[in-house]
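Have a look at the structure below before the remarks.
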Amino acid sequence: VLRHESVAIPTVGPDEVRIRVKAAGLNRGDALAVEGIPYAARLSYGMTRPKHPIPGSDIAGVVEAAGSAVTKFQPGSEVFGWSDGAFAEYATTSEHMLAEKPERLTFEQAASTPSAGVAALQGLRDVGRVERGHEVLVVGASGGLGTFAVQIAKALGAVVTGVSGTSGIQLVRSTGADHVIDYHTEDFTSHPGRYDVILDLVGSHTLASARRAVRDGGTYVVVAGGNPRSLTGTSRFAHAVLASPFGPQTIRPLFSKKNGDDLAQLRALLDAGDVVPVIDSVRDLADAPEALRYINAGHARGKVVLAIS
């Protein structure tokens, strides 16, 4: 359960900054953390209650105070990145988890980018090893991560096909996809050997059927599809690792990580206009519980953001 209440303003450590939060982005992981699932994740969340009682990680705002060892930012700097306890008016974080906010972005747009944008970058560049001219399929292309993935794949020089429901077709086209598949009328697995890389953000097909759509020597990147109410929520990832050697395509799971260097690379794409965040809706801080339910139900087209101050 979430309650909207007043708490003490957090203090700043030597290598930390305190941010006056302007906006916070929501991710499905935030909803899972509030619920404490998958159960093995409670080793990091907290076994019986959350270690960090204020949820949220994606943040954009203005530096209000800086610790004695901070060198990158000063009071007044506009930043975005990651912080524990982002769903609040004030939050603290290491300077290495932040980057300067792109001038062309609003705070709401900037707050929507860190986790989804970096995960898409790592999945395509590092796991899928996308190169110019590759045929890339993004399954779940109208969602928060998917809208970033389509644009980043295009920035890497790929020919991109997005898979979406009927209601998301126009949105996927607007993000730059070369082709769009409506999963209500067409199954991407019916095209064997068509794609060099598939980034699967949904996981509704079996690994055996999905990998057949990848060319020999190509890569099927597993991002989602595990049961979050299982012990670890990673059974699909484990199956991917076990199945990968038994076929001409590579199957690899994505375990994205918060990385300041990747955030800086994402910022460069945002600065250049190669990537433009897609916002589903902007909610008030007090509406965070309903916003998380909305995210968990899979209704979002693009990112959901909390406007805080």
(request) Check step by step if salt bridge (charged side-chain N to carboxylate O under 4.0 Å, His left out) holds for Lys257 and Asp262. (result) CA-CA 9 Å; Lys257 298 179 181 179; Asp262 287 345; over 6 Å; no
(request) List the steps, then state whether side-chain hydrogen bond (donor to acceptor under 3.5 Å, both in side chains) holds for Trp82 with Ser115. (result) CA-CA 8 Å; Trp82 298 283; Ser115 290; 3.2 Å; yes
(message) Taking the side chain as everything from C-beta on, heavy atoms only, tell me whether Val222 gets closer than 4.5 Å to Arg252.
(response) no
(message) Hydrophobic cluster membership, with links at side-chain heavy-atom distances under 4.5 Å among I/L/V/M/F/W/Y: are Tyr183 and Val202 in one?
(response) yes
(request) Taking all non-hydrogen atoms of both residues into account, name the closest pair between Leu306 and Asp284 and its distance. (result) CD2-O, 3.5 Å
(message) Can you confirm whether Ile181 sits close enough to Thr161 that some side-chain heavy atom of one is under 4.5 Å from a side-chain heavy atom of the other?
(response) yes
(message) Listing request: all ring pair (Phe, Tyr, Trp, His ring centres under 6.0 Å) pairs with a residue in residues 282-301, at least two apart in sequence or in separate chains.
(response) Tyr294-His299
(request) Give a yes or no on whether Arg129 atom CZ has more than 12 heavy-atom contacts from other residues, nucleotides or ligands under 6.0 Å away. (result) no
(request) Check whether any side-chain heavy atom of Ile152 lies under 4.5 Å from a side-chain heavy atom of Leu156, and answer yes or no. (result) yes
(request) For residues Lys303 and Leu26, report the shortest heavy-atom separation together with the two atoms involved. (result) NZ-O, 2.8 Å
(message) Checking Asp187 against His205 for the side-chain hydrogen bond (donor to acceptor under 3.5 Å, both in side chains) test, could you report, in this order, the C-alpha distance in whole Å, the side-chain angles of both residues, the deciding distance, and whether it holds?
(response) CA-CA 10 Å; Asp187 187 343; His205 292 78; 3.0 Å; yes
(message) Please find the pair of heavy atoms, one from Val197 and one from Gly128, that lie closest to each other, and give the distance.
(response) CG2-O, 3.4 Å
Check residues 165-173 and write down every donor-acceptor pair under 3.5 Å in which the side-chain atom is one partner and the other belongs to a residue at least two apart or another chain.
unit_1: Thr166; atom_1: OG1; unit_2: Asp182; atom_2: OD1; d: 3.4
unit_1: Thr166; atom_1: OG1; unit_2: Asp182; atom_2: OD2; d: 2.6
unit_1: Ser167; atom_1: OG; unit_2: Arg301; atom_2: NH2; d: 3.4

(request) May I ask you to establish whether Arg20 and Tyr90 are in a cation-pi arrangement, using a distance under 6.0 Å from NZ or CZ to the six-membered ring centre and at most 45° from the ring axis? (result) yes
(request) Please list all pairs passing the ring pair (Phe, Tyr, Trp, His ring centres under 6.0 Å) test where one or both residues lie in residues 108-143, with sequence neighbours left out. (result) none
(message) I'd like to know whether Asp274 forms a side-chain hydrogen bond (donor to acceptor under 3.5 Å, both in side chains) with Gln151, so could you lay out the CA-CA distance, the side-chain angles of the two residues, the decisive distance to 0.1 Å, and finally the verdict.
(response) CA-CA 7 Å; Asp274 292 328; Gln151 296 178 79; over 6 Å; no
(message) Are there over 12 heavy-atom neighbours, none belonging to Gln74, within less than 6.0 Å of that residue's CD?
(response) no
(request) Enter the distance from Asp30:CG to Ile295:CD1 here, rounded to the nearest 0.5 Å. (result) 8.5 Å
(message) So if I apply the side chain to side chain contact (heavy atoms under 4.5 Å, CB included) rule between Phe80 and each of Leu105, Leu98, Ile19, Leu270, which one comes out positive?
(response) Leu270
(request) Test side-chain hydrogen bond (donor to acceptor under 3.5 Å, both in side chains) on Arg125 and Gln265 and set out the steps. (result) CA-CA 11 Å; Arg125 181 199 62 194; Gln265 183 171 348; 2.6 Å; yes
(message) Can you tell me how far apart CG (Leu32) and CG (Asn27) are? Round to the nearest 0.5 Å.
(response) 10.0 Å
(request) Might you point out which heavy atoms bring Ser83 and Thr92 nearest each other, and give the distance in Å? (result) OG-O, 2.8 Å
(message) Between Leu263 and Pro114, is there a side-chain heavy-atom distance shorter than 4.5 Å?
(response) yes
(message) Tell me the closest heavy-atom pair linking Ser57 and Ala86, and the distance in Å.
(response) N-CB, 3.6 Å
(message) How close do Phe87 and Ile54 get, counting heavy atoms only, and between which atoms?
(response) O-CG2, 3.6 Å
(message) So Lys22 and Glu89, do their side chains get closer than 4.5 Å, heavy atoms only?
(response) no
(request) Give a yes or no on whether Val136 and Val159 share a hydrophobic cluster (residues Ile, Leu, Val, Met, Phe, Trp, Tyr; joining criterion: side-chain heavy atoms under 4.5 Å apart). (result) no
(message) Membership question, hydrophobic clusters at under 4.5 Å side-chain separation (ILVMFWY): are Leu269 and Val276 in the same one?
(response) no
